[in-house]
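Working notes, structure below.
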Amino acid sequence: MARRKLVYEGKAKILYEGPEPGTFVQYFKDDATAFNAEKKDVIEGKGVLNNRLSEFFMTGLAQIGIPTHFIKRLNMREQLIRQCEIIPLEVIVRNRAAGSIAKRLGMEEGTVLPRPIVEFSYKDDSLGDPLVPEEYIIAFGWASQQDLDDIIAMALRVNDFMSGLMCGVGITLVDFKIEIGRVWDGDYQRLIVADEISPDSCRLWDQKTGEKLDKDVFRRDLGDLADAYTEVARRLGVLPANVSNASKPTLVN
Ligand code: UDP
């Protein structure tokens, strides 16, 4: 790792220069932050789980024709990704009311929305990532109307894919955030899903018990975050079912 040139360090990940032009190495840290980094901790193993889970989701998206920045996983904490120009928006898709929308509109958490809602926040920590209307995005040139139409269509496809995947393992996808990047093929621009998709950026509730299996466990002090993420990974088959015993020797008679 020390050999690699640091490009950018964020709250949960680090970007290093990749081995070839047009690539980066994305390193997943164990750091957890919430409330604009007012609450911080180190959760052992979180980075390893998010690296695996983001690989799993991005690979699945590519299989259904949604382009992503993911190229390949390199090791426990690192993946090779395609370099792209990140559009400075958090693209949020909601199926049920929770978090900021529940607060803003005085809705009870868990209320099913009339249809999936896509909204945008301007990515700026110093401003607390404010919610922005499409009008701002176009007027300030962060994305064009065509880009926005494509981003909304892509976000809804990601929602269908992720909802189906989660539903299959008894989990409700309440909401999630994605980030979108631009890549250039000659003069032709394409939009791709970038950053990460993991329980850090989704709300995941157990269908039967309502138990939270996402970063709200950390935000709201509901238990062990790594246990919750491990449960998601185990259900999806990303980790062996008996992961706690996976590395222990077994007695051979
Ligand atoms: N989200 C995220 N990063 C952010 C803000 C939100 O990944 O900086 C995710 C969050 O985990 C949730 C969804 O986007 O799954 C909607 O978040 P919300 O707007 O309700 O904000 P929050 O309650 O997290 O402040």
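Every number for a ligand or one of its atoms is a count from 1 in the order of the listing.
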Sole residue of Leu148, Leu131, Asp129, Ile92 in side-chain contact (heavy atoms from CB on, under 4.5 Å) with Phe120:
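The passing option is Leu148.
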
Any residue meeting salt bridge (charged side-chain N to carboxylate O under 4.0 Å, His left out) with Arg82, in chain and number order, not counting sequence neighbours
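Listed in chain order: Asp185.
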
Taking the six-membered ring for Trp, are the ring centroids of Trp142 and Tyr122 within less than 6.0 Å of each other?
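Yes.
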
Quick one: does Ile171's side chain get under 4.5 Å of Gln207's, heavy atoms only?
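The answer is no; the side chains never approach within 4.5 Å.
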
Mind checking whether Ile192 and Ile180 have side chains closer than 4.5 Å, heavy atoms only?
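A side-chain contact is absent here, since even the closest heavy-atom pair is not under 4.5 Å.
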
Could you give me the CA-CA distance, side-chain angles and deciding distance for Asp227 and Thr230, then say whether side-chain hydrogen bond (donor to acceptor under 3.5 Å, both in side chains) is met?
CA-CA 5 Å; Asp227 284 353; Thr230 301; 5.2 Å; no

Which parts of the protein, at residue level, reach under 4.0 Å of ligand 1 through a heavy atom?
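Ligand 1 is contacted, at a heavy-atom distance under 4.0 Å, by Glu90, Ile92, Arg94, Ala98, Gly99, Ser100, Asp129, Asp175, Phe176, Lys177, Asp200, Ser201, Cys202, Arg203, Arg219.
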
